[in-house]
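The next block holds one structure in the form of C-alpha cells; read it before the comments.
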Amino acid sequence: MGLIGQVNHIRDFFEDPNAYDNRTVAVSGWVRTLRDSKTFGFIELHDGTCFKNIQIVFDEKLSNFKEITKLTIGSSLKIQGKLVKTPQAKQPFEIQAGEIVILAVSSQSNPIQKKRHTFEYLRTIAHLRSRTNTFNAVFRVRSILAYAIHKFFNERGFVYVHTPIITSVDAEGAGEMFQVTTLELDKIKHPIDYAKELLGRKTFLTVSGQLPVEAFCMGFRNVYTFGPTFRAENSNTPRHATEFWMIEPEIAFADLEDDMKLAEEMMKFIFTYVLENASQEMAFFNQFIDKGVIERLEKVIHSDFGVTTYTEAIELLNKADQKFEYDTNWGANLQTEHERFLSEKIFKKPVFVIDYPVGIKAFYMFHNEDGKTVRAMDLLVPGVGEIIGGSQREDREDVLLQRMKEEGMSEDVYGWYLDVRRYGSFPHAGFGLGFERVLMYITGMKNIRDVIPFPRTPNQAAF
RNA sequence: UCCGGAGUAGCUCAAUGGUAGAGCGGGUGGCUGUUAACCACUAGGUUGGGGGUUCAAGUCCCUCCUCCGGAGCCA
C-alpha cells in the first residue's frame, strides 16, 4: 500500500477551503518555522504542493508535546487534525492537531535558518535553497513557464523538435563552444586524430538548435526546439550562464513581420498564463522582490510592442538629450546603455530593433535590397535587455552560399544546410528566446544564477 | 578577459595600527493565540591563503584565490 493516498494536499485547502472546513484532514510536510508557549504552540508546515504554508496548532494534550516544541526547521512530520477557518487571524485557516508523527528531526546545523539570507549565500547551498520562499516561488514559476511555452506552440500546431545537444557544427557565430570528447586528454598525442573519437569526428555542445530545426521546418511547416544550450564564454554578468535553455521556433512561408508577430503573441500568452496560474508566487514577487512587477507585465500584455529599424534607433539615440559613454555610429553594435535607453526611456516598453547592418549579424540572415542590412530583429525589454534574437532566413541558395564562402565555412560541414534551399526553398523565419531571461523579467529576479536550479557559470559547476 | 568593490562567529555586519563585538540563528529556561513571536541566560573566532613592514596588523604593503557589481561576448 502506498503512502500517497493517506494525506491531503495544502494546495487543495487553499483552492476550496469550504470543502474541508471543520473536517478531519491529514497532511505531511516539513517545518518552516515553529513557535511555542508553555502549553501550546504553532508550526508552519510546508508540503511542497503550493507556495503557501499551513499553520498547525498543537497543545500539551499531545503525548509528544515536549518533543514537538524542540523540533528544528526542516524536520518532517505527518499530522492529523481538524481544519478550521480563522477569519480574524493572518492565515485563512489552520489545523488543530490531533496527532503529530515526527518522521525525522532535521539537524540543528541546517544552513537554512529562521532568518533572512542573501541570494549569494543561498547560491552556495543550491541543493537546499528550494526550501526558501523566494526559490520555491522562482522554480515553480520556471516549471509553469516552460509548460506555458509548450502550450502556446502546441495550440498553434507547432511540432516540437528535439535538436541534437552534441553537434559537429562548429562556429555558428553564436559564441565559444564546449568541446565534447571521449579521447583521454592526459594521454593525447598531437596532431589529434579526431577519427578516433567515438562519434568519428570533432564534436561540441550545441550553442543553438536553429540550423537543424530549420531542416525540420521543411517537413512540418511550423516547428520549435526547447532545450539546453551551452556557451563557453568567460562571461561574468548577472545575465549570462554557460548552460541555459533556449526556445527556438521556426516558421515556414513567413517573413520578419510574421516572426515579430509570433514573438509578441508568445510573450503576451506566456505572461498571461503565468499571472493566472502562479498568482500566489507572483503576489510574493510583487511584494518582496520587485514592487510593481505584476503591473509591468499587465502593461506589456495590453500594449503593442514598439518597432524601430537599427538606422532609426541610431538617429533616436543621437537626438536624445542623454550623454552616453560610447558614441553611436552606424555599423557598430548597440551598447547595453543604448539598448536600455531605447526600451526604458524612449519606448518605455518592449521594442523590436530590426534591419541590422550585415557586418554585425549571422551569415544565415536574409539580405535586404539595400545591400547593407539584413532582416534581423532583437527584442529589447526594460531591465533585462536583449531577450530575443531572430531573423528572416536567407532562402536564396546562391546568396547564402556566397555569404558562407565569405565566412570561410566549409561545404563539408554545412552542405546539408544548403540542401534546405536546394530542394524547394521557401521564405522562413525564426528566433531564439532566452528562457531564463524571460523568467527574470517575469519574476523580477536580478541574477540569472537565481533562476537556474543548479547554475553553471565560470568557476561554478558544483552540485 | 578588463575595471571597480568585498572577504571577520552558522548567517548579516561592526571594530582610530593597541583586550575581536552586535543582531539574527543555535542551546537552556520562562511565557495561555503566536505568525519577522516575545523575555532571560548561554555557547560559539586559524579575521580567505601566503609573504612583508612594525614593539604591536582584522586594520598598512606585495601576491594569490574566491565572490559581487560594471563592461565586452550574447540569449
Side-chain angles (χ1 to χ4, degrees), chain A residues 32-45 52-60 66 69-70 72-73 84 86 88-92 94 96 106-125 132-133 172-176 206-210 226 228-248 263 288 325-326 332-337 339-340 360-362 378-381 384-390 431-441 446-452 457-460 462:
Chain A
R32 269 291 173 81
T33 178
L34 182 149
R35 300 170 286 275
D36 70 279
S37 283
K38 189 178 186 178
T39 60
F40 65 96
F42 305 93
I43 296 168
E44 281 202 39
L45 193 80
K52 289 189 176 167
N53 308 316
I54 192 164
Q55 175 161 290
I56 312 292
V57 193
F58 62 97
D59 63 28
E60 60 182 344
K66 205 67 197 171
T69 64
K70 305 265 187 223
T72 43
I73 306 227
V84 292
T86 51
Q88 73 293 345
K90 279 191 183 176
Q91 72 287 350
E94 65 189 16
Q96 291 170 346
S106 171
S107 164
Q108 66 186 38
S109 66
N110 185 356
I112 304 280
Q113 303 173 351
K114 195 161 74 179
K115 72 184 285 293
R116 197 186 150 76
H117 293 294
T118 60
F119 293 153
E120 285 88 347
Y121 170 67
L122 290 169
R123 271 172 223 150
T124 69
I125 48 168
T132 63
N133 281 334
E172 289 170 15
E176 294 296 312
T206 183
V207 291
S208 163
Q210 187 205 310
F226 183 3
T229 45
F230 307 87
R231 305 276 167 91
E233 300 282 335
N234 189 11
S235 296
N236 291 285
T237 85
R239 307 184 305 285
H240 292 86
T242 58
E243 178 179 321
F244 64 98
W245 283 56
M246 191 153 61
I247 298 101
E248 294 172 289
F288 294 107
E325 194 180 339
Y326 292 90
N333 265 310
L334 294 174
Q335 300 288 318
T336 296
E337 57 174 342
E339 294 185 340
R340 292 190 60 169
I360 56 173
K361 285 292 179 184
D378 282 358
L379 179 63
L380 314 177
V381 295
V384 171
E386 189 181 337
I387 200 166
I388 281 176
F431 61 82
L433 167 72
F435 182 59
E436 284 80 9
R437 292 201 179 162
V438 202
L439 188 54
M440 289 166 72
Y441 190 70
K446 298 291 183 288
N447 196 308
I448 198 167
R449 301 168 180 102
D450 297 328
V451 299
I452 298 177
T457 50
N459 276 315
Q460 186 53 264

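Numbers restart at 1 for each chain; the letters A, B, ... are given by sequence-line order, proteins then strands. Note that the coordinates shown come from a computational prediction; the quantities given were computed from them, not determined experimentally. FYI, side chains are in, hydrogens and waters are out, and symmetry mates aren't considered; it's all heavy atoms of this structure.
Taking the side chain of K115(A) as heavy atoms from C-beta on, and the options G25(B), G72(B), C31(B), the nearest nucleotide is G25(B). Each of G33(B), G25(B), C74(B) was ranked by its minimum atom distance to the side chain of V57(A); first place goes to G33(B). Picking from A71(B), G26(B), A75(B) the nucleotide with the shortest atom distance to the side chain of E386(A) gives A75(B). Set against A71(B), G25(B), C73(B), the side chain of H240(A) has C73(B) as its closest nucleotide. The side chain of F40(A) lies closest to G33(B), out of C68(B), G33(B), A71(B). Among the nucleotides U32(B), U34(B), G27(B), the one closest to any side-chain atom of Q55(A) is U34(B). Listed candidates were U34(B), C73(B), A71(B). Nearest to the side chain of E233(A) is C73(B). Set against A75(B), A71(B), U32(B), the side chain of T39(A) has U32(B) as its closest nucleotide. When distances are taken from the side chain of M246(A) to each of G33(B), C67(B), A75(B), the shortest belongs to A75(B). Of the candidate nucleotides C74(B), C68(B), U34(B), C68(B) has the atom lying nearest to any side-chain atom of R449(A).
Heavy atoms of T237(A) sit under 4.0 angstrom from at least one base atom. At the heavy-atom level, K90(A) lies under 4.0 Å from base atoms of the strands shown. I73(A) comes within 4.0 angstrom of nothing in the nucleic acid, heavy atoms only. Heavy atoms of Q91(A) sit under 4.0 angstrom from at least one base atom. Using a 4.0 Å heavy-atom distance criterion, D59(A) is classed as making no nucleic acid contact. Contact annotation for K70(A): backbone-only contact, meaning every heavy-atom pair under 4.0 Å involves sugar-phosphate atoms and none involves a base. Contacts of F230(A) with the nucleic acid, taken as non-hydrogen atoms under 4.0 Å apart, are absent. Using a 4.0 Å heavy-atom cutoff across all strands shown, F244(A) reaches at least one base atom of the nucleic acid.
Distance noted for atom P between C11(B) and G7(B): 14 Å (whole Å). For the P atoms, the distance from C61(B) to C67(B) is 24 Å, rounded to whole Å. Rounded to whole Å, the P atom of U1(B) lies 28 Å from the corresponding atom of A9(B). G17(B) and C73(B): their P atoms are spaced 43 Å apart (whole Å). Taking atom C1' on both G45(B) and G58(B), the two are 12 Å apart, rounded to the nearest angstrom. Across the C1' atoms, U47(B) and U66(B) are found 16 Å apart, a figure rounded to whole Å. Rounded to a whole angstrom, the distance from the P atom of C65(B) to that of G50(B) is 15 Å. Spacing of C1' atoms, A20(B) relative to U59(B), comes out at 12 Å, to the nearest Å.
Both Y326(A) and A241(A) lie close to RNA chain B; mapped to their nearest nucleotides by heavy-atom distance, the more 5′-ward contact belongs to Y326(A). Of the two residues near RNA chain B, P111(A) and A89(A), the one whose nearest nucleotide lies more 5' is P111(A).
Here the C1' atom of nucleotide A37(B) and the CZ atom of R32(A) are 18 Å apart, to the nearest Å. The interatomic distance linking Q335(A) (CD) with C2(B) (P) rounds to 19 Å, in whole Å. Rounded to an integer number of Å, the gap from E436(A) CD to C74(B) C1' is 13 Å. U1(B) atom P lies 13 Å from atom CD of E176(A), rounded to whole Å. Between the CG atom of N110(A) and the P atom of C11(B) there is a distance of 13 Å, given to the nearest Å. We find that CG of L34(A) is positioned 15 Å from C1' of G25(B), with the value rounded to whole Å. Residue Q108(A) contributes atom CD, which lies 14 Å from atom P of G25(B) at whole-angstrom precision. Taking atom CG of L379(A) as the reference point, atom C1' of C74(B) lies 15 Å away to the nearest angstrom.
One donor-acceptor pair, N or O on each side, does fall under 3.5 Å between the base of G10(B) and the side chain of Q113(A). For a distance-only test at 3.5 Å, the side chain of R35(A) fails to qualify as a donor-acceptor partner of the base of C31(B). Between the side chain of R116(A) and the base of A36(B), no donor-acceptor pair of N or O atoms lies under 3.5 Å. Taking 3.5 Å as the limit, the base of U66(B) and the side chain of N459(A) contain no donor-acceptor pair of atoms between them. With hydrogens and angles ignored, a donor-acceptor pair under 3.5 angstrom links the side chain of E94(A) to the base of G33(B). With hydrogens and angles ignored, no donor-acceptor pair closer than 3.5 Å exists between the side chain of S235(A) and the base of C74(B).
Distance alone, capped at 3.5 Å, is enough to place a donor-acceptor pair between the T229(A) side chain and the F244(A) backbone. Distance alone, capped at 3.5 Å, is enough to place a donor-acceptor pair between the E436(A) side chain and the W245(A) backbone. For the pair T237(A) (side chain) and R239(A) (backbone), a donor-acceptor distance under 3.5 Å is present. Formation of a donor-acceptor pair under 3.5 Å by the Q55(A) side chain with backbone atoms of V57(A) is not found in this model. Side-chain atoms of E248(A) come within 3.5 Å of backbone atoms of G209(A) as a donor-acceptor pair (strictly under, hydrogens ignored). Although no hydrogens or angles enter the test, the distance criterion places a donor-acceptor pair under 3.5 Å between the side chain of E337(A) and the main chain of E325(A). Side chain of R437(A) to backbone of E386(A): a donor-acceptor contact under 3.5 angstrom is found. Listed for the S106(A) side chain is a donor-acceptor partner under 3.5 Å among the backbone atoms of I73(A).
Two residues are said to be in side-chain contact when any heavy atoms from C-beta on lie closer than 4.5 Å; D59(A) and T39(A) fail this criterion. Between N110(A) and T72(A), every side-chain heavy-atom pair lies at or beyond the 4.5 Å cut-off. Side chains of Q91(A) and T86(A) form a contact here, defined as non-hydrogen atoms less than 4.5 Å apart.
Residue T118(A) places at least one side-chain N or O closer than 4.0 Å to OP1 or OP2 of U12(B).
Stacking of F435(A) onto the six-membered ring of A75(B) is not present when judged by under 5.5 angstrom between centres and under 30° between planes.
In a base pair of the Watson-Crick type (N1 to N3 plus N6-O4 or O6-N4) or a G-U wobble (N1-O2 and O6-N3), with each distance short of 3.5 Å, A36(B) is matched with no nucleotide. When both distances must be under 3.5 Å, the Watson-Crick or G-U wobble mate of C2(B) is G70(B). A 3.5 Å limit on both hydrogen-bonding distances identifies A22(B) as the Watson-Crick or G-U partner of U12(B). Base pairing of C60(B) is made with G52(B), judged by Watson-Crick or G-U wobble geometry with both donor-acceptor distances under 3.5 Å. G27(B) is paired with C41(B) under the criterion used here, namely a Watson-Crick or G-U wobble arrangement in which both key atom distances are under 3.5 Å.
A donor atom on one side chain and an acceptor atom on the other are found under 3.5 Å apart for S109(A) and S107(A).
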Letter by letter from the 5' end, nucleotides 3-9 of chain B scores (B base, S sugar-phosphate only, - none; protein heavy atoms under 4.0 Å) -------
